[in-house]
Amino acid sequence: MHEKQCKQVLDEIFMEIFEQKCPLNLEEALSEFAFDIRLPNKVIDAVDGKETWASSINSNKYISQSNMEKYDEYKGWMRPKKELNSLDEIIKLWNKINYTTTERIYDSVNVSKSDTIYNCENVYRSQDCRKSKNVIFSDGCGDSEYILACQRSGNSTYCIKVDDSGNCSNSYSVICSAKISNSFFIQDCNSLHECMFCSHISNRRYCIANMQFDRNEYMPIKEKLIKWMISQFIR
């Protein structure tokens with residue numbers, strides 16, 4: 001997924017959550033939302049010298065998935081049998097073939113700067129994601145669409161910074177929660193709709209800091225919060 005497509009996805013996510021387009025570019029969004037998320041890092045392919053992206057950076061040599069497959073077709077990775085006289089000799093032989101594979105992308109389309117991606121579409125700078133679409137700066141997510149800076153979560157749509165949670169939608173900053181919709185700053189909750197700054201409660205709507213409000217009281221406060229948040233994003 002190229003950067004223009006990423007910006008379109010960012011704008012769609014923001015429209016669903018904040019009812020306006022994202023005021024940030026990709027690098028600003030990375031710094032603002034994904035600063036605490038494990039993401040693939042840029043490394044150099046030892047075969048062609050080009051940049052590639054790896055979820056692990058504890059290796060001396062890297063090879064992209066495509067180059068590994070090309071080498072396998074062209075020459076193959078097996079070596080002729082030879083006499084082995086020492087452990088040091090085995091290690092030297094191993095070092096010649098021991099590349100860490102990068103950009104491991106399986107049954108996916110339109111994926112860039114990512115690693116360990118399975119059955120996904122439209123993914124940018126993410127890792128360990130599966131059965132998802134329109135994913136940016138995320139780690140360990142599955143069965144989700146239109147997510148930004150999420151980690152270890154699943155079955156969510158139009159979310160930003162959702163961690164260790166599931167079945168969330170149109171929400172921002174959700175931690176260890178489930179069945180959260182149209183909400184902001186939620187932790188350890190279940191089945192909330194239109195709530196803000198809540199923790200450890202369930203089956204509620206129109207709550208602020210664990211206090212019950214009616215819809216007419218709640219919505220003006222939500223509008224003020226969104227204006228304040230947008231102002232913080234573009235400061």
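Since the model is a prediction, treat every value here as computed from it, not as a measurement.
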When you compare the side chain of Tyr62 with that of Thr100, does any pair of heavy atoms fall below 4.5 Å? yes

Could you check whether Asp115 and Gln127, counting side-chain N and O atoms only, form a donor-acceptor pair closer than 3.5 Å? no

Between Phe185 and Phe197 (judged by ring centroids, cut-off 6.0 Å), do the two rings come close enough to count as a pair? yes

Carefully, step by step, assess Ser169 and Tyr158 under the rule side-chain contact (heavy atoms from CB on, under 4.5 Å). CA-CA 6 Å; Ser169 62; Tyr158 295 105; 5.9 Å; no

Decide yes or no on ring-ring contact (aromatic ring centres under 6.0 Å, His included) for Tyr206 and Phe213, but give the supporting numbers first. CA-CA 5 Å; Tyr206 308 123; Phe213 292 80; 10.0 Å; no

Hydrophobic cluster membership, Ile13 vs Leu39, 4.5 Å side-chain cutoff: yes

Heavy-atom side-chain proximity of Val135 to Ile117 below 4.5 angstrom: no

Run the side-chain contact (heavy atoms from CB on, under 4.5 Å) test on Ser199 and Asp188 for me, step by step, so that the C-alpha distance in whole Å, both residues' side-chain angles and the decisive distance to 0.1 Å come before the verdict. CA-CA 6 Å; Ser199 301; Asp188 191 25; 5.6 Å; no

Shortest non-hydrogen pair, Cys189 vs Ser177, comes out as N-OG, 2.9 Å

Provide the closest heavy-atom pair for Gly140 versus Cys129 in the form atom of the first, atom of the second, distance. N-SG, 4.2 Å

Find out whether Cys141 and Ile147 are in side-chain contact, i.e. whether some heavy atom of one side chain is under 4.5 Å from a heavy atom of the other. yes

Side-chain contact, heavy-atom cut-off 4.5 Å: Val9 with Tyr124? no

Under 3.5 Å, is there a donor on one side chain and an acceptor on the other for Tyr146 and Glu12? yes

Using the rule that Ile, Leu, Val, Met, Phe, Trp and Tyr join whenever any side-chain heavy atoms are under 4.5 Å apart, tell me whether Phe184 and Ile221 fall into a single cluster. yes

Tell me the closest heavy-atom pair linking Ser108 and Cys120, and the distance in Å. OG-N, 2.9 Å

Which of these passes side chain to side chain donor-acceptor pair (under 3.5 Å) with Ser181: His193, Glu194, Arg205? His193

Between the side chains of Glu103 and Ser64, is a donor N or O closer than 3.5 angstrom to an acceptor N or O? no

I'd like to know if Asp143 and Lys131 make a salt bridge, using a cut-off of under 4.0 Å between side-chain N and carboxylate O. no

Please verify the inter-ring angle class for Trp77 with Tyr99; under 30° counts as parallel, over 60° as perpendicular, anything in between as tilted. perpendicular

Shared hydrophobic cluster, Ile97 / Met78 (ILVMFWY, side-chain heavy atoms < 4.5 Å): no

Tell me if the CZ atom of Arg215 is crowded by more than 12 foreign heavy atoms within 6.0 Å. no

Tightest non-hydrogen contact, residues Ala46 and Lys61, listed as CB-CB, 4.4 Å

Any non-hydrogen side-chain atom of Leu148 less than 4.5 Å from a side-chain atom of Phe137? yes

Working to the nearest 0.5 Å, report the span between CZ of Phe233 and CG of Leu24. 7.5 Å

Could you measure the distance from the NZ atom of Lys113 to the CD1 atom of Ile136? Nearest 0.5 Å is fine. 12.5 Å

According to a 4.5 Å side-chain heavy-atom criterion applied to Ile, Leu, Val, Met, Phe, Trp and Tyr, with indirect links allowed, do Met219 and Met196 form part of one hydrophobic cluster? yes

Take Asn25 and Glu28 through the test side-chain contact (heavy atoms from CB on, under 4.5 Å) and record every step on the way to the result. CA-CA 5 Å; Asn25 61 36; Glu28 291 169 338; 3.2 Å; yes

Side-chain donor or acceptor of Ser144 paired with backbone N/O of Thr157 under 3.5 Å: no

Nearest 0.5 Å, please: how far is CD1 in Ile17 from CD1 in Ile160? 4.0 Å

Neighbour count >12 (heavy atoms, 6.0 Å) for atom CZ, Arg204: no

Donor-acceptor pair, distance only, cut-off 3.5 Å: does the side chain of Thr102 make one with the backbone of Ala54? no

Looking at side-chain heavy atoms only, is the closest gap between Asn110 and Gln5 below 4.5 Å? yes

Could you tell me the separation between the CE atom of Met15 and the CG atom of Asn170, rounded to the nearest 0.5 Å? 12.0 Å

Do side-chain atoms of Ser114 reach the backbone of Ser112 as a donor and acceptor pair under 3.5 angstrom? yes

Working to the nearest 0.5 angstrom, can you tell me the gap between Tyr118 OH and Asp128 CG? 6.5 Å

Would Arg38 and Gln151 satisfy side-chain contact (heavy atoms from CB on, under 4.5 Å), going step by step from the backbone distance to the final call? CA-CA 9 Å; Arg38 290 188 318 123; Gln151 54 188 339; 5.9 Å; no

Flag this pair as yes if the NZ/CZ of Lys161 is under 6.0 angstrom from the six-membered ring centre of Phe33 and inside a 45 degree cone about the axis; otherwise no. no

Sort out for me which residue in Ser165, Cys195, Ser171 forms a side-chain contact (heavy atoms from CB on, under 4.5 Å) with Ile180. Ser171

For the residue pair Lys222 and Asn182, what are the closest heavy atoms and their distance? NZ-O, 4.2 Å

Write down the atom of Ile230, the atom of Phe14, and the distance for their closest heavy-atom approach. CD1-CE2, 4.1 Å

Going by atom types only, do Glu69 and Gln65 share a side-chain donor-acceptor pair under 3.5 Å? yes

Cluster question for you: counting only ILVMFWY and a side-chain heavy-atom cut-off of under 4.5 Å, with indirect links fine, are Met1 and Ile105 together? no

Would you say that more than 12 heavy atoms from the other residues, nucleotides or ligands in this model lie under 6.0 Å from the CG of Asn60, or not? no

Identify whether the distance between the nearest side-chain nitrogen and carboxylate oxygen of Lys7 and Asp11 falls below 4.0 Å. yes

Heavy atoms, side chains only, cut-off 4.5 Å: are Tyr71 and Val47 in contact? no

Tell me, do Glu19 and Ile226 make a side-chain contact under 4.5 Å, heavy atoms counted? no

Does one side chain, of Asn122 or Asn134, offer a donor that lies under 3.5 Å from an acceptor on the other? yes

First locate atom OG of Ser191, then atom CD1 of Ile201, and finally report the distance between them rounded to the nearest 0.5 Å. 11.0 Å

